[in-house]
Amino acid sequence: MSVSAPPTARRPVLMSARIWFALLIFAGFAALPLIAVVTDDPFLLLIGTRILAYAIAAMALDLILGYGAMVSFGHAAYLGFGAYAVAILNSYGVTDLTLHITFAVAISALFATITGAISLRTRGVYFIMITLAFGQMAYFFFVSLSAYGGDDGTPLATRSTLFGSAALEDDRVMFYVALALLIALFIVATRIVGSRFGRVLIGTRENPVRMEAIGLSPFRYQLTAFVISGCMTSVAGVILANQAEFVSPAFMSWHRSGELIVMVVLGGIGNLTGAIGGAVVALLLEDWLAVLTEHWRLLFGVFLILMVLYSPHGITGALERFTRGRK
Amino acid sequence: MTNLFILQLLNGAQLGILLFLIAAGLTLVFGIMDVINLAHGVLYMIGAYLIATFAALTGSFWAGLLLMLPAALVVGLVIERLVIRPLYARSHLDQVLATFGLVMIVNEGVKILWGASPLSVPMPELLSGSIPLIGPLQYPVYRLAIIAAGLGIAAGLYVLVNHTRVGMLLRAGATNREMVSALGVDIGKLFSLVFALGALLACFAGAIVAPILSVDTGMGESVLILTFVVVVIGGIGSIRGAFMGALLVAIVDTLGRTFGPILLRYVMEPSAAGQTGRMLAPMLVYILMAAILFARPQGLFGQRTT
């Protein structure tokens with residue numbers, strides 16, 4: 001597998017630095033509503049919630065991309081499953097957030113198990129193209145789902161309810177619920193990566209043949225990781241639908257899948273914090289470029305190519321070089 | 001019913017020929033250079049925009065087509081030199097990212113240069129109108145011309161790949177790149193040639209389809225994904241696989257969209273059949289891909305067990 005990944009044996013110092021960075025980012029997020037009050041900018045919370053959702057999705061993708069060397073180019077499909085889980089249950093009068101998340105995770109688990117089992121029969125370029133194709137399949141399914149607006153999507157009548165209360169209608173509550181979900185999933189992902197399961201996954205990334213030789217079946221571990229990652233991403237979709245109060249197939253276009261990969265690589269692959277940081281930086285950069293010019297995609301594309309050619313390990317790589325250089 | 005079937009079969013063949021022209025370049029780039037190029041669909045779009053411009057400038061479709069070809073070659077060589085060449089030694093992930101960036105740049109660049117509204121290319125006088133096929137059945141000449149042109153190019157590619165020295169190198173490169181370069185072949189030059197050839201074919205496909213489609217910035221995207229499906233089904237690096245895969249995908253897609261709802265009417269009520277058919281039809285090619293991969297993970301004509 002030709003995905004470049006940082007060496008497996010990480011220094012413990014760096015490990016804790018990674019956690020510290022995560023805590024710093026979370027603290028920054030927690031303070032955001034305060035900044036929104038001070039600057040009197042209510043949009044800050046909506047942007048913040050959107051960033052939190054993508055941070056969850058990028059972190060979930062990093063779990064398989066960074067630790068399992070599976071470059072999934074169809075991960076936006078799970079964002080869509082999460083978003084449509086909200087829209088579909090809402091239309092049947094079921095508005096509870098926990099039920100929305102349960103439904104989103106259930107659809108995603110089913111889809112990820114089937115498509116993952118087929119995609120994992122292949123590797124490398126094939127895997128990338130097949131996950132992309134399956135992502136598009138899901139996209140076209142929702143485009144032709146005329147009951148929910150088809151191509152145009154459908155607005156949500158209400159946000160999800162939290163244990164029977166409409167607390168999420170308040171942008172601040174929505175923001176903190178998203179932050180709580182991000183932190184909870186970060187802890188889960190960190191636990192997974194540190195567990196025996198995670199070590200087998202990393203071993204498979206490094207050398208699948210050797211893992212088989214010591215009696216483990218890489219396929220099962222990779223598929224499990226693929227399913228877990230898809231389910232986590234769908235939680236981000238639930239948040240996005242609630243943030244936008246709108247659901248459309250645009251959530252799951254292949255551009256979105258590409259942007260998720262951009263976030264992970266921008267932050268540095270194979271350490272969950274990087275993906276979160278990458279999501280923050282990528283979305284802020286997008287917003288900032290969009291203010292500069294309506295043709296921001298052109299600039300973003302140039303930025304991407306330059307990043308790949310000159311700083312392939314993303315922000316984490318740059319930080320590591322910086323700290324090493326000072327010693 | 002039979003008439004409709006023949007019409008749709010021809011439409012499928014025409015789409016298949018287009019897909020083949022694009023997939024042929026893509027599969028060579030994958031197979032020989034081991035580069036995943038998301039920007040291949042963009043080249044198809046560039047071809048359409050180039051012919052729209054040149055045809056408008058010269059007032060003739062044919063002159064536009066003639067001018068488009070060298071311009072396409074230049075575009076291909078420039079992209080290869082600036083973006084693709086530094087990526088040869090990189091991971092697939094880096095290639096995905098950089099070519100994804102390229103897609104964003106070209107899509108936006110096209111919007112800046114030509115505006116966001118769709119362009120149209122006039123049908124050449126010589127090939128407009130329809131000819132009768134069987135009984136009352138009519139078919140547009142231009143679509144038949146596309147099929148003929150595509151078959152001609154497929155035959156040309158067959159000769160090039162199987163009966164020339166360059167073709168021998170291409171086949172050898174697709175099987176074992178390192179060995180070819182160890183035997184003293186200038187692999188860099190071969191790569192540039194392959195990429196330029198692929199770019200030329202994709203641009204040509206975009207150019208000949210321009211008179212029957214509206215030329216807009218989204219046209220590369222839908223085709224790109226279908227082309228990926230074609231390459232995966234046919235097997236990476238195999239031109240024959242690309243040809244078979246393209247026809248299979250296009251015919252399944254076209255027939256599925258028309259006959260899916262009709263067939264479903266036998267098992268369910270008409271309105272439900274229409275709706276289910278519309279939902280299932282776009283997914284059909286992906287289900288086909290999944291089924292083929294399940295049986296043959298390396299694709300129908302794939303050689304390497306990647």
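Numbered from 1 within each chain, the chains take letters A, B, ... in sequence-line order. Worth saying up front: this structure is predicted, and the values here are computed from it rather than measured.
- Note on ring orientation: taking the six-membered ring where Trp is involved, the planes of A:F303 and A:F300 are tilted (angle from 30° to 60°).
- For residues 248-258 of chain A, a heavy-atom distance under 4.5 Å to chain B picks out A:W254, A:H255, A:G258, given by residue number.
- No donor-acceptor distance shorter than 3.5 angstrom exists from the side chain of B:T27 to the backbone of B:A24, with no hydrogens or angles considered.
- Taking chain A as the reference chain and counting heavy-atom pairs below 4.5 Å, the highest number among B:V106, B:L97, B:V285, B:V103 is found for B:L97.
- Screening B:L50, B:V223, B:N107 for a side chain to side chain contact (heavy atoms under 4.5 Å, CB included) involving B:M45 leaves a single residue, B:N107.
- Interface residue A:L304: only side-chain heavy atoms are found under 4.5 Å from chain B.
- Judged by distance alone, the side chain of B:Y88 and the main-chain N or O of B:M33 form no donor-acceptor pair under 3.5 Å.
- Residues A:V71 and B:H92 have side chains not in contact (no heavy-atom distance under 4.5 Å, counting atoms from C-beta outward).
- Heavy atoms of B:M289 lying under 4.5 Å from chain A belong exclusively to its side chain.
- Closest of all the heavy-atom pairs between B:T217 and B:Y49 is N-OH, 3.5 Å.
- For A:T293 (side chain) and A:L289 (main-chain N/O), no donor-acceptor pair under 3.5 Å exists by modelled atom type.
- Test B:V83, B:I79, B:V42, B:T99 against B:N37 for side chain to side chain contact (heavy atoms under 4.5 Å, CB included) and you get one pass: B:T99.
- Taking A:V143, A:V262, A:T115 one by one and counting their heavy-atom pairs under 4.5 Å with chain B, the maximum is reached by A:V262.
- Residues B:L293 and A:R121 have side chains not in contact (no heavy-atom distance under 4.5 Å, counting atoms from C-beta outward).
- The aromatic rings of A:F142 and A:Y84 sit parallel, their planes meeting at an angle under 30°, below the 60° perpendicular limit.
- Close approach to chain A, defined as a heavy atom under 4.5 Å from one of its heavy atoms, is seen in B:L224, B:I225, B:F228, B:V229, B:V231 of residues 224-231 of chain B, taken by number.
- Listed for the A:S229 side chain is no donor-acceptor partner under 3.5 Å among the backbone atoms of A:A225.
- Ranked by non-hydrogen atom pairs under 4.5 Å with chain A, the options B:A290, B:G109, B:P86 are led by B:A290.
- Counting heavy-atom pairs closer than 4.5 Å to chain B, the top residue among A:L306, A:L299, A:I261 is A:I261.
- In this model, a donor atom of one side chain and an acceptor atom of the other lie less than 3.5 Å apart for B:S192 and B:R85.
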